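Structure first, commentary second.
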Amino acid sequence: MADEPIDVYANSAQFSIGVYDFMIDFGVQDPVTNPSQPPGVRSLVRVRMSPQHAFVLARALSDAVRKYEQQIGKVNLPPQVFINMGIEP
C-alpha cells in the first residue's frame with residue numbers, strides 16, 4: 001500500500017549537528033571481513049529534525065528504554081560500545 005510507512009531495520013546511527021537542525025543517518029553495518037579494519041556502514045535513510053524535536057525524541061526514547069527494561073529486563077552492552085561512543089555507561 002502506498003500509505004504504509006517504509007519499514008527499515010538499522011543497526012547503526014550516525015549523528016550530525018548543525019545550528020538549526022540535527023541529522024541522523026540510519027544504516028546497516030557490513031559483515032566484518034577484515035578484523036584489522038572497522039566494519040563499513042551502508043546508509044539507508046537520513047532523518048532531519050529541529051533541535052527541539054531532537055530533544056523531545058531523546059527524552060521519549062530514554063523513557064521507552066526504561067519501560068522496556070522494566071517489562072523485559074536490563075539491556076546489557078559490552079563496555080567497548082560505550083568506549084567507542086565516548087560516553088559513560
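These numbers come from the heavy atoms of this one structure, side chains and all, not from hydrogens, waters or symmetry mates. Note that this is a predicted model, so its numbers are computed, not measured.
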Are any non-hydrogen side-chain atoms of S50 and Y20 less than 4.5 angstrom apart?
no
Run the side chain to side chain contact (heavy atoms under 4.5 Å, CB included) check on F26 and L44 step by step: do they pass?
CA-CA 6 Å; F26 291 98; L44 300 174; 5.5 Å; no
For atom CZ of F55, is the number of surrounding heavy atoms from other residues, nucleotides or ligands below 6.0 Å larger than 12?
no
Residues 71-80, side-chain donor-acceptor partners within the protein, below 3.5 Å, at least two apart:
from : atom 1 : to  : atom 2 : distance (Å)
Q80  : NE2    : N84 : OD1    : 2.8

Any V28 side-chain heavy atom under 4.5 Å of V41 side chain
no
Which residue pairs pass the salt bridge (Lys or Arg N to Asp or Glu O under 4.0 Å) test when at least one of the two sits in residues 14-32, sequence neighbours left out?
D25-R46
Close side-chain approach of F15 and I24, heavy atoms under 4.5 Å:
yes
Joint hydrophobic cluster, V47 plus F22, side-chain heavy atoms closer than 4.5 Å
yes
Could you check whether any side-chain heavy atom of M49 comes within less than 4.5 Å of a side-chain heavy atom of L57, counting everything from C-beta outward?
yes
What I want to find out is whether D63 reaches K67 closely enough, with some N-O distance under 4.0 Å, to be called a salt bridge.
yes
Other residues, nucleotides and ligands only: do more than 12 of their heavy atoms fall within 6.0 Å of CZ on R66?
yes
